[in-house]
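Written below as structure tokens is the structure these notes are about.
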Amino acid sequence: MNIIQQILSLSTDFFNTNMESLVTGQASLTDVTLAVQEFVQNLGREVLSAMLEQADEAIYETVKPQRTYQIKETARSRTLVTTFGEITFHRRYYRQKDTGRYTYLLDEWCQLPAYSRIEASCQARMAEHAKDMSYAKAAQVATPVPVSKQSVRNVLCRLGTIPNTAAPLPERRPKVSELFIEADEDHVAMQQGNSRQLRLAYVYEGKVAEGKKRRTLTAKRVFTGYGMPWKEIKEYIQTVYDSPEITILGDGAAWIQSATSYLEKSRCVTDGFHVVKYLRQIAGTETIQPLYDALLANDREQFCREAEQKIRHRPYRRKAIRRGQQYILNHWEGIRDWLQNRETFASSTEGHVSHILSARLSSRGMGWSKDGAERIARLRTLAENGGDVWRYALDCLTKKHSDTVPDLNSQELTRQCRRQRLPYCVYDAEHSCRMPGSEGALHGRWMKDIQNSGYHHIH
């Protein structure tokens, strides 16, 4: 009995049994749903195994007339972990006569790495889940077969550090005259040594109101990494836009201020979150209004007098007040720009850092390797930019190399595959019997033709 007949028989038995259990109350809908899920996984494993073995048979029939390979073993088994679970199939082991090389032609044709236990689409699913959850949970969700968290890490190592340009670029918008860039960093704990700064910057065209208190960024594009993102941002702006004016919002760090040397027609503005943060650091438990008024009046001397007064009242807070005062004075012009356009320059950097980086990398007690943290950041960046993480990972993992694909006659292989096709109508020997009268010489011939026409010759 071939695989199709087995599927028909198993499916019919499964359907009848579970429908009866559901109707009679022996099983709940939840029980049946779980049974269907398990049945589909079992069915997927059987179909995959059968397809691989049929493909091996077609490859054998293709290379057989050429006499270039010698069969060393006819049925060597291999086990793979897939999204359906673990499958085992058998294939031929060959020796190439002219080179003496030993090989599995099926493995090479299907691009199965020699020592890989996990199938590529399952590996891609692990990478997709790893951007949102721990390696151990990603392995658990991707396949019902127990897989170690080290296997997930190995997949990410194979992918490497995904470039910020991995997601598809939007269409050109040369008419846009103004862009905004917001930038900040997240402090990620390392397994060895101190924490490192992972930088985040994102470009957008403006904000659109959604409800009373919420706004959405339009045409947002995210960039992350340890290094300076400005060269990549410059290339992105030149590709999508013409020559817009650029406003850069941030906390005034040196790496953010350096953006003006990379981006033409750009200026830096200090974001309101950090302004208010340092004003409160100066004021302590008192109101920040006098300090704020001095900023509005563009009066540095009055601001310094207010800070000195805070020190006289609370001398034990001298260091904190001095740090806040120095920050405000160093970024005075950027703060003044923010005060004049508070609605336009409202910043969302802290929320983006929390959502894109901290939620996976630093909000819980965990330590990262330098490369591991950046790989996860880039996976999340790809998803944030609208890219398909699973498809990108799958394309990287299954990228074919011409030197590893066996040189087979594709036309002959296609012909052999068609010969391996299963018939649409099948003959089930367990539920059949001989047509009465077909044994006789007088009527047997035409009766056998009628019997066979319904089963054997319909394809």
Is there a side-chain contact between [X] and [Y] in this structure, where contact means two heavy atoms from C-beta onward sitting under 4.5 Å apart?
{"X": "Pro170", "Y": "Val240", "value": "yes"}
{"X": "Leu10", "Y": "Phe39", "value": "yes"}
{"X": "Arg78", "Y": "Leu106", "value": "no"}
{"X": "Thr83", "Y": "Thr143", "value": "no"}
{"X": "Ile256", "Y": "Asp251", "value": "yes"}
{"X": "Lys265", "Y": "Pro244", "value": "no"}
{"X": "Leu48", "Y": "Thr82", "value": "yes"}
{"X": "Met190", "Y": "Ser195", "value": "no"}

Looking only at side-chain N and O atoms, does [Y] offer a donor or acceptor that is under 3.5 Å from a partner on [X]?
{"X": "Tyr278", "Y": "Gln325", "answer": "no"}
{"X": "Tyr102", "Y": "Gln96", "answer": "no"}
{"X": "Thr224", "Y": "Thr381", "answer": "yes"}
{"X": "Asn42", "Y": "Glu46", "answer": "no"}
{"X": "Ser358", "Y": "Ser363", "answer": "no"}
{"X": "Thr103", "Y": "Glu108", "answer": "yes"}
{"X": "Ser151", "Y": "Ser148", "answer": "yes"}
{"X": "Trp255", "Y": "Gln197", "answer": "no"}
{"X": "Arg317", "Y": "Gln281", "answer": "no"}
{"X": "Gln302", "Y": "Glu306", "answer": "yes"}

| remark: From the list Lys175, Arg173, Arg172, side chain to side chain donor-acceptor pair (under 3.5 Å) with Asp242 holds only for Arg172

Testing the basics here: between [X] and [Y], what is the closest heavy-atom pair and its distance to 0.1 Å?
{"X": "Glu264", "Y": "Ile246", "answer": "O-CD1, 3.9 Å"}
{"X": "Gly85", "Y": "Pro144", "answer": "CA-CG, 3.8 Å"}
{"X": "Ser266", "Y": "Ala259", "answer": "OG-O, 4.2 Å"}
{"X": "Tyr94", "Y": "Ile71", "answer": "CE2-CG1, 3.8 Å"}
{"X": "Cys396", "Y": "Leu159", "answer": "CB-CD2, 3.7 Å"}
{"X": "His331", "Y": "Tyr327", "answer": "ND1-O, 2.9 Å"}

| message | Run the side chain to side chain contact (heavy atoms under 4.5 Å, CB included) test on Glu185 and His187 for me, step by step, so that the C-alpha distance in whole Å, both residues' side-chain angles and the decisive distance to 0.1 Å come before the verdict. | response | CA-CA 7 Å; Glu185 65 278 328; His187 297 268; 4.2 Å; yes

Return yes if some donor-acceptor pair links the side-chain N/O of [X] with the main-chain N/O of [Y] below 3.5 Å, else return no.
{"X": "Arg336", "Y": "Leu295", "value": "yes"}
{"X": "Asn385", "Y": "Val222", "value": "yes"}
{"X": "Lys207", "Y": "Ala346", "value": "yes"}
{"X": "Asp56", "Y": "Leu52", "value": "no"}
{"X": "Glu119", "Y": "Leu80", "value": "no"}
{"X": "Thr398", "Y": "Leu394", "value": "yes"}
{"X": "Asp31", "Y": "Ser28", "value": "yes"}
{"X": "Arg45", "Y": "Val40", "value": "no"}
{"X": "Glu182", "Y": "Val203", "value": "no"}
{"X": "Trp368", "Y": "Leu361", "value": "yes"}

| query | Does the side chain to side chain contact (heavy atoms under 4.5 Å, CB included) test come out yes or no for Tyr60 and Tyr69, once each step is laid out? | reply | CA-CA 9 Å; Tyr60 166 70; Tyr69 290 93; over 6 Å; no

Could you check whether [X] pairs with [Y] (Lys NZ or Arg NE/NH1/NH2 to Asp/Glu carboxylate O, under 4.0 Å)?
{"X": "Glu53", "Y": "Arg91", "value": "no"}
{"X": "Glu232", "Y": "Arg221", "value": "no"}
{"X": "Arg378", "Y": "Glu374", "value": "yes"}
{"X": "Glu205", "Y": "Lys220", "value": "no"}
{"X": "Glu308", "Y": "Arg322", "value": "yes"}
{"X": "Arg199", "Y": "Asp184", "value": "no"}
{"X": "Arg267", "Y": "Glu245", "value": "no"}
{"X": "Arg360", "Y": "Asp132", "value": "no"}

| field | Non-neighbouring partners of Tyr236 that pass ring-ring contact (aromatic ring centres under 6.0 Å, His included), sequence neighbours left out | value | Phe223

| request: Can you measure from CH2 (Trp109) to CG (Asp107) and round to the nearest 0.5 angstrom? | output: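 Here the rounded value is 13.5 Å.
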
| remark: OG1 of Thr161 to NZ of Lys370, rounded to nearest 0.5 Å, is 8.0 Å

| task | Evaluate the ring planes of Tyr202 and His352, with Trp represented by its six-membered ring, and classify them as parallel (under 30°), tilted (30 to 60°) or perpendicular (over 60°). | result |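 Parallel.
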
| task | Just say parallel, tilted or perpendicular for the rings of Tyr204 and Phe180, cut-offs at 30° and 60°. | result |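 Because their plane-to-plane angle is under 30°, the rings of Tyr204 and Phe180 count as parallel.
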
| said: Tell me whether Arg101 at atom CZ has more than 12 heavy atoms from other residues, nucleotides or ligands lying less than 6.0 Å away. | reply: yes

| query | Is the NZ or CZ atom of Arg76 both under 6.0 Å from the centre of the six-membered ring of Tyr93 and within 45° of that ring's axis? | reply |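 Yes, cation above the ring, under 6.0 Å and within 45°.
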
| request: Please confirm whether Arg196 makes a cation-pi placement over Tyr226, using NZ or CZ under 6.0 Å from the six-membered ring centre and within 45° of the ring normal. | output: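 So Arg196 does make the cation-pi contact.
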
| task | Please assess Arg215 against Glu210 for the test salt bridge (Lys or Arg N to Asp or Glu O under 4.0 Å), listing each intermediate value before the final yes or no. | result | CA-CA 5 Å; Arg215 293 185 296 175; Glu210 278 192 5; over 6 Å; no

